[in-house]
Amino acid sequence: MVSLTFPDGSVRDYDDGITGSELALSISKSLSKKALAISLDGELQDLADPIEKNGQVGIITRDNEEALELIRHDAAHVMAEAVQTLWPETQVTIGPVIEDGFFYDFAREEPFSLDDLEKIEAKMHEIIKKNEPFTKEYWSREKAIEHFKAKGENFKVELVDAIPEGEDLKMYKQGEWMDLCRGPHMVSTGQIGTGFKLLKLAGAYWRGDSNNPMLQRIYGTAWSSDKELKAYLHRLEEAEKRDHRRLGREMDLFHFQEEAPGSVFWHDKGWRLFQTLIAYMRRRQEENDYKEVNSPDMMDKGLWEKSGHWEKFGEHMFTTETPDERVYCCKPMNCPGHVQIFKNGLKSYRDLPYRVAEFGKVHRYEPSGALHGMMRVRHFTQDDAHVFCTEEQITEECVHLNEMILSIYKDFGFEDVIIKFSDRPEKRVGSDEVWDKSEAALKTAVEKAGMSYELNPGEGAFYGPKLEYVLRDAIGRDWQCGTVQVDLNLPGRLGAFFIGSDGDKAHPVMIHRAMFGSLERFCGILIEHYAGRFPLWLAPQQVAVCTIVSEAEPFAEKVMEKLKAAGLTATLDIRNEKINYKVREHSHAKVPVLFVIGKREAEEDTVSIRRLGSKDQEVVNIDEAIAALVKEATPPDMR
RNA sequence: GCCGCUGUAGCUCAGUGGUAGAGCGCACCAUUGGUAAUGGUGAGGCCGGGAGUUCAAUUCUCCCCAGCGGCACCA
C-alpha cells in the first residue's frame with residue numbers, strides 16, 4: 001500500500017504500483033482526461049509511472065504552474081523532431097527548459113536562418129496535431145551507445161557516456177522519433193497546444209566550454225494557452241521600450257559611437273544623473289566614516305604583476321608604453337592604488353578600520369562580444385572602497401556594510417535583494433588556510449546580519465571570497481550590483497602592514513566593496529527600472545516651463561529665475577508652438593513636471609502644473625508650487 | 001573571442017547593377033493657439049571602411065570595423 005496526501009490535506013491509501021493515470025481516474029474521469037503528469041513530493045513524474053512511495057501527491061493539469069515545465073520540455077523535443085525531419089543530417093544534443101521557455105542545441109554544418117524558424121514552427125504544429133503518445137523505454141548503456149553511434153549522433157554518445165554507472169537510461173519516443181531524456185513528459189504531443197513560438201537563433205558552445213565546438217541553439221517560448229503566449233510577447237515589447245540604450249537616445253542622456261567601442265559619451269542630462277548618484281553616495285560615505293581619495297589612472301606594470309592582476313587579467317588590460325620605455329597599465333581596479341595610500345605613513349592598529357573610497361574610473365579591455373550598452377563597457381566608474389582592518393574586525397565591518405548596502409538600495413526603490421556567496425575559484429592566489437579563514441569570516445558576517453544567501457560555488461575573486469548583492473527591478477529582472485569581498489591576500493602581496501597593539505607588524509585584512517558597482521551600469525539599471533520616469537530627485541530635467549502665448553513670456557522668465565534660485569533644473573519653452581505640441585514633446589522626453597503658463601497664470605502669479613503620466617492639471621501659486629517641488633526633490637537621505 | 005544577423009538623412013525605415021526616397025526631427029515663413037502632432041516652404045546623404053568583379057557597385061564577392069541576439073568571459 002502507498003499512502004498519498006492530496007493538496008487539500010486528505011490522505012488516502014492505494015495499492016502498490018498504482019500509476020498516475022489510474023490515480024487520476026480514481027478521482028474523476030474529467031480529471032484523468034486533463035491530467036498531464038503527477039507530482040510526488042514536488043517532483044514531476046510520468047502518468048504511466050507507478051507510484052512507489054508515500055508522499056504529497058498532486059495531479060498536474062494545464063492550470064498548474066508546473067505544467068509549463070512539461071509543455072516547454074515537450075515542445076523542445078518536438079522542435080528537435082521537426083528539425084531532424086527537415087534536415088536529417090542535423091545532430092541533436094540537449095534541449096532543456098529555461099525561464100519562460102526552452103531551447104535545443106543542434107550540430108549542423110549549414111547555419112539555420114530566420115526563415116528556417118518558420119518552417120520548423122510549421123512542422124512542429126504538424127507533429128503536435130498528430131498527437132502521438134510519448135512512450136518511455138529503459139535501455140542499456142550499450143544499446144544506447146550503439147544506437148546513437150549508428151545514427152552518427154556523436155554528441156548523444158558523449159552524453160550517454162557521461163551518465164553515471166547504474167543510473168536508469170531512458171529513451172522517450174514520440175511517433176518515430178526518440179531521444180535520450182530524463183523525463184518526465186506529458187501523455188502525447190497534442191498536449192503541448194499552440195501557445196508556443198520560436199524566438200531566436202544563437203551560437204552556444206557544446207557543454208558551455210569555449211574549447212568545444214559551437215552548436216546552433218534555437219530558443220523558443222511556450223505557454224499553456226495562446227493568450228498567455230500573447231501576454232508574454234507583449235511583456236517582451238514593453239521591456240524593449242525601457243531599454244536604456246533606446247531611452248538614453250530618446251531622452252538625450254548619452255550616446256555611443258564607433259571610435260570608442262564600449263565607452264559612454266555622456267551628454268549634459270545623463271551626466272547630471274551620474275553626478276546626482278555620486279553626490280548621494282558621497283554623503284552616505286561621509287556619514288559612514290569613509291575617507292574619499294583618488295589614485296592614479298595609470299601605474300607601472302610592475303605593480304600589477306606584484307598584485308597578481310597581470311598574471312590573471314593581463315590580456316584584458318589597457319597598456320601604454322612611454323618614450324622612456326616604461327610600460328604602464330590603465331587601472332582595471334582601484335585596490336592596488338588604495339593599498340599604496342594605506343602604506344604611505346606607518347599605520348597603527350588605532351587607525352583601523354581604515355576606510356578609503358574612490359569614484360575611480362577603471363579600464364578593462366572586455367571581449368568585443370561582451371559589450372552591451374552601459375551594462376558592460378570598457379571604461380567605467382566604480383563607487384569603490386576598501387576597508388583595511390584586523391581579522392577580528394571583519395565580521396563587524398561586513399555586518400555594517402550589509403546594512404549600508406540595503407539602506408542605499410531602498411532609497412532607489414529596490415526592496416527585493418538577494419545575496420549570493422561565492423567561494424574560492426580554481427585560479428586563485430593564497431593558501432587554503434587563508435581561504436578557509438576568509439570564507440568563514442564572510443559567512444559569519446552574513447549570518448550575523450540575519451540574511452540568507454545562495455551559494456555560488458567557485459565564483460569568488462582570485463584573491464578572496466565575495467558576497468554579491470542582486471536586486472530585482474520593477475519588471476522582475478535581476479541585476480547584480482553590490483559586492484563585498486574579504487581579501488587576506490593582496491595586503492601581503494603588496495607589503496601593507498600595521499603595527500599591532502603588541503608592537504609587532506601585521507598585515508591588515510582588506511575588504512573590497514562596491515554598492516552601485518559600476519556607476520554607468522547602475523544608471524542603465526535605473527533608466528530601465530524607472531522606464532525613464534525618474535523620481536524628481538534623480539530626474540536630470542525636473543521642470544519644463546511652457547508658455548501658451550507670447551504675452552506670458554516675461555512671467556515665464558520670472559518663474560525660471562525662481563526655479564533656478566530654488567535649485568531645480570528647468571528648461572523654458574517659449575517656442576512658437578501650440579501648447580498641445582509642447583505638452584506632447586516634453587511628455588515624450590519624460591520631464592516629470594510641466595509648468596504651463598498662459599495669460600491667466602501670468603496675471604495671478606500661478607502656474608498650471610501637469611505631472612508626467614497624468615492628464616490632470618492643478619493651478620497653484622508659484623511660490624507654493626516651487627516649495628512643494630523642492631521638498632519632493634530632496635534626496636531620500638536628506639529628508 | 002566564437003556563432004548568426006544588421007549597418008542608407010539626427011531618429012525609424014523603404015529602395016535599386018546606371019551615384020537615392022518616406023515619415024518624424026531640423027531651419028525659415030505664416031499662425032498667439034489653454035494641456036499628447038497648426039499649415040506651408042526648404043536644407044540635409046562618400047548608402048559603416050577598404051579591396052575586388054564590372055563599361056558602371058549603395059546594390060554582387062572578399063576582408064576589416066561597429067552594433068544587435070546568444071555563447072564564453074566578467075578582477
Side-chain angles (χ1 to χ4, degrees), chain A residues 103 105 110-114 116 199-219 243 245-246 249-250 252 255-262 304 307-317 331-336 362 364-373 375-378 382 384 425 427-429 459-464 466 480 483 485 487 490 512 514 517-518 521 546-553 574 576-588 594-601 608-617 619:
Chain A
F103 67 75
D105 285 347
E110 208 188 316
F112 292 115
S113 73
L114 247 40
D116 291 339
L199 296 176
K200 52 196 173 193
L201 286 166
Y205 295 109
W206 166 236
R207 298 189 145 178
D209 185 336
S210 57
N211 297 312
N212 287 342
M214 183 152 278
L215 307 170
Q216 298 189 62
R217 177 171 296 179
I218 302 178
Y219 283 95
D243 189 307
R245 291 165 297 187
R246 177 179 171 148
R249 189 177 51 239
E250 286 175 3
D252 194 17
H255 84 270
F256 292 93
Q257 67 185 51
E258 277 195 29
E259 288 79 358
W304 302 101
S307 71
H309 287 91
W310 183 258
E311 199 203 341
K312 185 138 201 290
F313 293 105
E315 280 176 28
H316 299 282
M317 283 161 79
K331 62 174 171 187
M333 289 195 79
N334 300 300
C335 27
V362 295
R364 300 176 179 181
Y365 184 72
E366 300 284 8
S368 55
L371 303 179
H372 180 92
M375 302 308 187
R376 191 84 183 268
V377 287
R378 287 181 173 157
Q382 290 181 320
D384 202 4
K427 220 173 157 185
R428 58 179 185 261
V429 296
E459 296 292 317
F462 72 90
Y463 47 70
K466 60 183 179 185
Q480 192 211 300
T483 167
Q485 308 172 1
D487 178 1
L490 264 191
H512 308 240
S518 149
R521 183 162 175 271
C546 305
T547 52
I548 297 173
V549 290
S550 42
E551 270 177 86
E553 280 169 27
I574 51 170
N576 182 10
E577 295 292 349
K578 290 194 170 176
I579 192 61
N580 285 306
Y581 184 87
K582 294 185 184 181
V583 166
R584 180 182 151 87
E585 201 174 82
H586 294 294
S587 300
H588 277 312
L594 297 189
F595 278 5
V596 175
I597 294 174
K599 229 154 85 182
R600 275 205 305 275
E601 288 80 2
S608 165
I609 305 175
R610 178 177 169 136
R611 305 289 301 222
L612 179 61
S614 163
K615 287 193 174 179
D616 299 337
Q617 303 150 38
V619 180

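Numbers restart at 1 for each chain; the letters A, B, ... are given by sequence-line order, proteins then strands.
- For A:His255, the side-chain hydrogen bond (donor to acceptor under 3.5 Å, both in side chains) partners are A:Gln257, A:His267, not counting sequence neighbours.
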Exercise for review: Any chance you could encode RNA chain B as dot-bracket? Rule is Watson-Crick or G-U wobble with both distances under 3.5 Å; [ ] for pairs crossing earlier ones, | for another strand.
Suggested key: (((((((..((((....[..)))).(((((.......))))).....(((((..]....))))))))))))....
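- Taking the C1' atom of each, B:A56 and B:U16 are spaced 14 Å apart, rounded to whole Å.
- Taking the centre and axis of the six-membered ring of A:Phe462, the NZ or CZ atom of A:Lys427 falls outside the cone set by 45° and 6.0 Å.
- One atom, CG of A:Asn211, and another, P of B:G1, lie 17 Å apart when rounded to the nearest Å.
- Contact annotation for A:Phe103: no contact, since no heavy-atom pair falls under 4.0 Å across all strands.
- Residues satisfying the side chain to side chain contact (heavy atoms under 4.5 Å, CB included) test with A:Ser608, not counting sequence neighbours, are A:Val596, A:Glu601, A:Gln617, A:Val619.
- The side chain to side chain contact (heavy atoms under 4.5 Å, CB included) check on A:Ile574 picks up A:Thr547, A:Glu553, A:Leu572, with sequence neighbours excluded.
- A search for side-chain hydrogen bond (donor to acceptor under 3.5 Å, both in side chains) contacts involving A:Arg246 returns A:Glu250, not counting sequence neighbours.
- Residues satisfying the salt bridge (Lys or Arg N to Asp or Glu O under 4.0 Å) criterion with A:Arg245, sequence neighbours excluded, are A:Asp243.
- When the nearest nucleotides of RNA chain B are assigned to A:Phe112 and A:Phe462 by heavy-atom distance, the more 5′-ward of the two goes with A:Phe112.
- Contacts of A:His309 classified as side-chain hydrogen bond (donor to acceptor under 3.5 Å, both in side chains), with partners at least two apart in sequence or in another chain: A:Ser307.
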Is there any protein nitrogen or oxygen under 3.5 Å from a nitrogen or oxygen in nucleotides 63-72 of chain B, and what are the pairs?
residue	atom	partner	partner atom	Å
B:C68	OP1	A:Arg245	NH1	2.9
B:G69	OP1	A:Arg245	NH2	2.9
B:G69	OP2	A:Arg245	NH1	3.3
B:G69	OP2	A:His372	ND1	3.3
B:G70	OP1	A:Lys200	NZ	3.3
B:G70	O3'	A:Tyr219	OH	3.1
B:G70	O2'	A:Tyr219	OH	3.3
B:G70	N2	A:Gly203	O	3.4
B:G70	N3	A:Gly203	O	3.4
B:C71	O4'	A:Gly203	O	3.0
B:C71	O2'	A:Tyr205	N	2.9
B:C71	N4	A:Gly369	O	3.4
B:A72	O2'	A:Ser210	OG	3.2

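- Nucleic acid contact for A:Pro332: base, since at least one base atom lies under 4.0 Å from a heavy atom of the residue.
- As judged by a 4.0 angstrom heavy-atom cut-off over every strand, A:Lys466 is placed among residues touching the sugar-phosphate backbone only.
- Spacing between B:C26 and B:G49 at atom C1', rounded to whole Å, works out to 28 Å.
- Atom pair A:Gln216:CD and B:C2:P shows a separation of 17 Å (rounding to whole Å applied).
- Considering only residues two or more places apart in sequence or on other chains, A:Arg610 meets the side-chain hydrogen bond (donor to acceptor under 3.5 Å, both in side chains) condition with none of them.
- Between A:Tyr581 and B:G39, a side-chain N or O to OP1/OP2 separation shorter than 4.0 Å is absent.
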Are any protein N/O atoms closer than 3.5 Å to N/O atoms in nucleotides 32-34 of chain B? If there are, list each pair with its distance.
residue	atom	partner	partner atom	Å
B:U32	O2	A:Ser550	N	2.8
B:U32	O2	A:Ser550	OG	3.4
B:U32	N3	A:Ser550	OG	2.8
B:G33	N7	A:Ile548	O	2.2
B:G33	O6	A:Ile548	O	3.0
B:G33	N1	A:Asn576	OD1	3.1
B:G33	N2	A:Asn576	OD1	3.0
B:G34	O6	A:Lys599	N	3.2
B:G34	O6	A:Arg600	N	3.1
B:G34	N1	A:Glu601	OE1	2.8
B:G34	N1	A:Glu601	OE2	3.1
B:G34	N2	A:Glu601	OE1	3.4
B:G34	N2	A:Glu601	OE2	2.3

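- In this view, A:Glu315 satisfies the salt bridge (Lys or Arg N to Asp or Glu O under 4.0 Å) rule with no residue, not counting sequence neighbours.
- Taking the side chain to side chain contact (heavy atoms under 4.5 Å, CB included) definition, one finds that A:Asp209 meets it with A:Asn211, A:Asn212, sequence neighbours left out.
- Rounded to whole Å, the P atom of B:G69 lies 30 Å from the corresponding atom of B:G23.
- B:A22 and B:A9 have their P atoms separated by 14 Å, given to the nearest Å.
- In this structure, A:His586 reaches neither bases nor backbone, as no heavy-atom distance under 4.0 Å exists between it and the strands shown.
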Check your understanding: Would A:Arg378 and A:Leu371 count as a side chain to side chain contact (heavy atoms under 4.5 Å, CB included) if you check the C-alpha gap in whole Å, the side-chain angles of each, and the deciding distance to 0.1 Å?
Key -> CA-CA 8 Å; A:Arg378 287 181 173 157; A:Leu371 303 179; 3.8 Å; yes
